[in-house]
Peer 1: 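First, the structure itself, so that you have it in front of you.
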Amino acid sequence: MVTRQLLFGGTARKGLSGLRNVDTVADPSVTRRGGRWWMVLGGTYGQDRVIKLFTAESTRADGGWRIATAQDDPRLAVEVADVPPLDAWDATGYHCPAYARGLDASGAVVERIYYASSSGWDSLYGPYQIGFLQLVDGIWVRRPEPVFTAGAAWERGTVLEPNVLHHDGRWLLRYTAGLATGELPVTGLAESPDGVSGWRRIGTPEAGQFDAHVIAGEQGFDLITSRHLLDSKFTPGDGLWHSRGENPDGPWKTARQIVSTIDGADWHQAGVWKPTAVRENSRLIVFSTVAQPSENPYVPALGIGMFEASAD
């Protein structure tokens with residue numbers, strides 16, 4: 001049995017109605033931080049397509065989430081960082097953010113928000129590159145240059161949907177590539193000693209997955225993947241899947257489906273992707289981007305959903 005609910009957005013713009021600078025949200029990355037549930041998410045407003053980052057907190061996973069607002073204006077959501085310059089590689093903003101905590105080259109603990117971006121809106125397929133923001137003295141500072149770009153032929157010149165885990169001295173980056181009309185997305189895996197440079201592609205690319213996200217538990221690791229087609233009709237197999245493994249880079253046990261995109265729930269029948277998860281004992285709590293059909297048949301209403309299932 002999977003418990004599920006819409007946390008933000010959708011056609012009703014849940015949790016956003018009182019804000020004057022955010023009307024669409026997507027792409028959550030969730031962790032436990034400072035004793036509370038903490039989320040970084042992407043958002044836009046009106047006709048401004050540049051994606052900005054915001055945070056939300058709650059005392060529990062399944063409700064009570066509030067987007068951080070200015071102390072002197074509860075209707076103004078606080079942006080995590082300034083938008084990139086107009087002529088920068090990431091001028092379109094902070095796509096698909098992913099929080100990660102680990103050790104830098106000096107051995108110091110660092111907190112980062114990895115993201116994908118592009119210099120323009122020429123194509124749905126990018127080309128995208130991956131960079132990050134790093135927390136320095138309480139301020140999220142944008143690194144001016146990307147840290148990971150497409151290089152392998154199968155990546156088709158674009159990399160996006162980063163999901164990052166630091167484990168046992170390695171920064172492990174899972175990402176999506178191979179986006180092109182009529183082609184299945186592919187997820188890849190790369191490792192780096194510091195999460196900045198020296199990236200080395202490892203493992204075998206996985207076709208048909210749009211995202212791959214790994215978290216560490218007390219015993220082993222959880223892999224949550226999404227199957228999300230960009231240019232064809234959804235099938236019952238599309239949605240979120242979960243599997244377990246003893247190592248962060250696999251192999252993985254047979255996956256089981258957490259949720260199907262077209263299982264009848266209106267608030268996610270136009271798509272479920274970009275999963276992020278937290279394990280609490282026997283509970284696996286997954287958050288993701290969801291899409292709901294809207295009045296515009298070409299532009300669904302985006303939002304953020306939560307799905308809770310047994311982690312065994």
Side-chain angles (χ1 to χ4, degrees), residues 5-10 13-46 48-84 90 92-102 109-117 130-143 161-166 195 211 213 215 273-278 280 285-290 302-306:
Q5 65 175 295
L6 178 69
L7 298 179
F8 287 114
R13 294 182 176 173
K14 182 177 180 180
L16 308 176
S17 60
L19 301 176
R20 61 183 179 88
N21 62 330
V22 185
D23 60 14
T24 300
V25 294
D27 293 351
S29 181
V30 178
T31 188
R32 296 279 296 176
R33 189 169 179 265
R36 295 172 62 86
W37 289 88
W38 183 87
M39 175 190 300
V40 60
L41 62 156
T44 59
Y45 183 74
D48 185 359
R49 299 174 66 188
V50 176
I51 300 171
K52 303 172 178 65
L53 292 183
F54 304 91
T55 62
E57 291 189 358
S58 178
T59 57
R60 66 184 201 274
D62 60 354
W65 287 91
R66 294 179 61 87
I67 292 176
T69 56
Q71 290 185 350
D72 60 349
D73 186 350
R75 298 179 62 241
L76 181 67
V78 176
E79 296 180 24
V80 168
D82 293 337
V83 296
D90 51 356
T92 58
Y94 306 108
H95 305 242
C96 40
Y99 172 84
R101 185 175 186 271
V109 175
V110 292
E111 294 180 85
R112 294 172 179 164
I113 300 172
Y114 287 81
Y115 64 94
S117 195
I130 293 171
F132 67 71
L133 304 163
Q134 184 163 308
L135 191 63
V136 180
D137 296 328
I139 298 173
W140 290 101
V141 178
R142 168 183 166 272
R143 182 180 175 87
E161 301 290 311
N163 284 291
V164 182
L165 173 70
H166 181 267
D211 297 276
H213 174 66
I215 59 172
W273 71 97
K274 184 39 172 89
T276 176
V278 177
E280 283 199 333
I285 305 171
V286 181
F287 306 80
S288 76
T289 297
V290 295
L302 299 180
I304 293 172
M306 186 218 74

Peer 1: Are side-chain heavy atoms of Val278 and Arg32 found at a separation under 4.5 Å?
Peer 2: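 A side-chain contact exists here, since the closest heavy-atom pair is under 4.5 Å.
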
Peer 1: Going by side chain to side chain donor-acceptor pair (under 3.5 Å), name the residues that satisfy it together with Arg36, two or more places apart in sequence or in a different chain.
Peer 2: Glu57

Peer 1: With a 4.5 Å heavy-atom cut-off, do Trp65 and Met39 have their side chains touching?
Peer 2: yes

Peer 1: Hey, are the side chains of Ser29 and Ile113 touching, using non-hydrogen atoms and a 4.5 Å cut-off?
Peer 2: no

Peer 1: Does any non-hydrogen side-chain atom of Phe54 lie less than 4.5 Å from one of Val78?
Peer 2: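 Side chain of Val78 against side chain of Phe54, heavy atoms only: no contact under 4.5 Å found.
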
Peer 1: At what distance, to the nearest 0.5 angstrom, does CD of Glu79 lie from OH of Tyr94?
Peer 2: 9.0 Å

Peer 1: Rounded at 0.5 Å granularity, tell me how far OG1 in Thr31 sits from CD in Glu111.
Peer 2: 9.0 Å

Peer 1: Quick one: does any side-chain atom of Lys274 pair with a main-chain N or O of Cys96 as donor and acceptor, under 3.5 Å?
Peer 2: no

Peer 1: Does some side-chain heavy atom of Ile67 sit less than 4.5 Å from a side-chain heavy atom of Phe8?
Peer 2: yes

Peer 1: For Gly42 and Pro97, which heavy atoms make the closest approach, and how far apart are they?
Peer 2: N-CG, 4.3 Å

Peer 1: Give a yes or no on this: more than 12 heavy atoms of other residues, nucleotides or ligands lie within 6.0 Å of atom CZ of Arg33.
Peer 2: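 Count over threshold, so yes.
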
Peer 1: May I ask you to decide if the ring planes of Trp37 and Phe287 are parallel, tilted or perpendicular, using 30° and 60° as cut-offs?
Peer 2: tilted

Peer 1: Apply ring-ring contact (aromatic ring centres under 6.0 Å, His included) to His95 and list each qualifying residue two or more places apart in sequence or on a separate chain.
Peer 2: Trp121, Tyr128

Peer 1: I want to check something: taking the side chain as every heavy atom from C-beta on, are Ile304 and Leu41 in contact at a cut-off of under 4.5 Å?
Peer 2: yes

Peer 1: Applying salt bridge (Lys or Arg N to Asp or Glu O under 4.0 Å), can you list everything that pairs with Asp23, at least two apart in sequence or on another chain?
Peer 2: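 In terms of salt bridge (Lys or Arg N to Asp or Glu O under 4.0 Å), with neighbours along the sequence ignored, Asp23 is linked to no residue.
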
Peer 1: Take Ile215 and Thr276 through the side-chain contact (heavy atoms from CB on, under 4.5 Å) test and state the conclusion after the steps.
Peer 2: CA-CA 9 Å; Ile215 59 172; Thr276 176; over 6 Å; no

Peer 1: When Val25 is tested against each of Thr289, Leu302, Leu16, Leu19 for side-chain contact (heavy atoms from CB on, under 4.5 Å), which residue passes?
Peer 2: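 Of all the options given, the one that passes is Leu16.
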
Peer 1: Only counting residues at least two apart or in another chain, list the ones meeting side chain to side chain donor-acceptor pair (under 3.5 Å) with Asp90.
Peer 2: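 Asp90: side chain to side chain donor-acceptor pair (under 3.5 Å) contacts with Tyr115, Arg142.
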
Peer 1: Just verifying a value: how many Å separate Leu135 CG and Arg101 CZ, rounded to the nearest 0.5 Å?
Peer 2: 10.5 Å

Peer 1: Is Asp73 salt-bridged to Arg75, going by a charged N under 4.0 Å from an acidic O?
Peer 2: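 Salt bridge between Asp73 and Arg75, a charged N being under 4.0 Å from a carboxylate O: no.
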
Peer 1: Using every non-hydrogen atom in the two residues, find where Gly43 and Val22 come nearest and quote the distance to one decimal.
Peer 2: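 Smallest interatomic distance, heavy atoms only, reads CA-CG1, 4.4 Å.
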
Peer 1: Indicate the atoms forming the closest heavy-atom contact of Gln5 with Asp62, along with that distance.
Peer 2: NE2-O, 2.6 Å

Peer 1: For Lys52, check salt bridge (Lys or Arg N to Asp or Glu O under 4.0 Å) against everything at least two apart and list the hits.
Peer 2: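 Partners of Lys52 under the salt bridge (Lys or Arg N to Asp or Glu O under 4.0 Å) test: Asp48.
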
Peer 1: Do the side chains of Thr55 and Trp38 get nearer than 4.5 Å, heavy atoms only?
Peer 2: yes

Peer 1: Has the side chain of Ser58 got a donor or acceptor atom that lies under 3.5 Å from a matching backbone atom of Arg60?
Peer 2: yes

Peer 1: So which heavy atom on Ser288 is nearest to which on Pro275, and how close?
Peer 2: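 Heavy atoms only, the tightest pair is CB-CA, 4.0 Å.
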
Peer 1: Nearest heavy-atom pair of Pro74 and Thr69: which atoms, and what distance?
Peer 2: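 Closest approach of Pro74 to Thr69: O-CG2, 3.3 Å.
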
Peer 1: I'd like to check the side chain to side chain donor-acceptor pair (under 3.5 Å) partners of Glu280; sequence neighbours left out, ordered by chain and number.
Peer 2: Arg283

Peer 1: When rounded to the nearest 0.5 angstrom, what distance separates OH in Tyr45 from CG in Asn21?
Peer 2: 8.0 Å

Peer 1: Can you check whether Val50's main-chain N or O pairs, donor with acceptor, with Thr92's side chain at less than 3.5 Å?
Peer 2: no

Peer 1: Taking the side chain as every heavy atom from C-beta outward, state whether Lys14 and Leu7 have any pair of such atoms under 4.5 Å apart.
Peer 2: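 No, too far: nothing below the 4.5 Å cut-off.
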
Peer 1: Judged by modelled atom types alone, do Tyr114 and Arg112 share a side-chain donor-acceptor pair under 3.5 Å?
Peer 2: yes

Peer 1: Is there a side-chain contact (heavy atoms from CB on, under 4.5 Å) between Asp211 and Glu161? Walk through the geometry before answering.
Peer 2: CA-CA 6 Å; Asp211 297 276; Glu161 301 290 311; 2.4 Å; yes

Peer 1: For a side-chain contact (heavy atoms from CB on, under 4.5 Å) check, start with the C-alpha distance between Leu76 and Arg20, then their side-chain angles and the critical distance, and finish with the verdict.
Peer 2: CA-CA 6 Å; Leu76 181 67; Arg20 61 183 179 88; 4.0 Å; yes

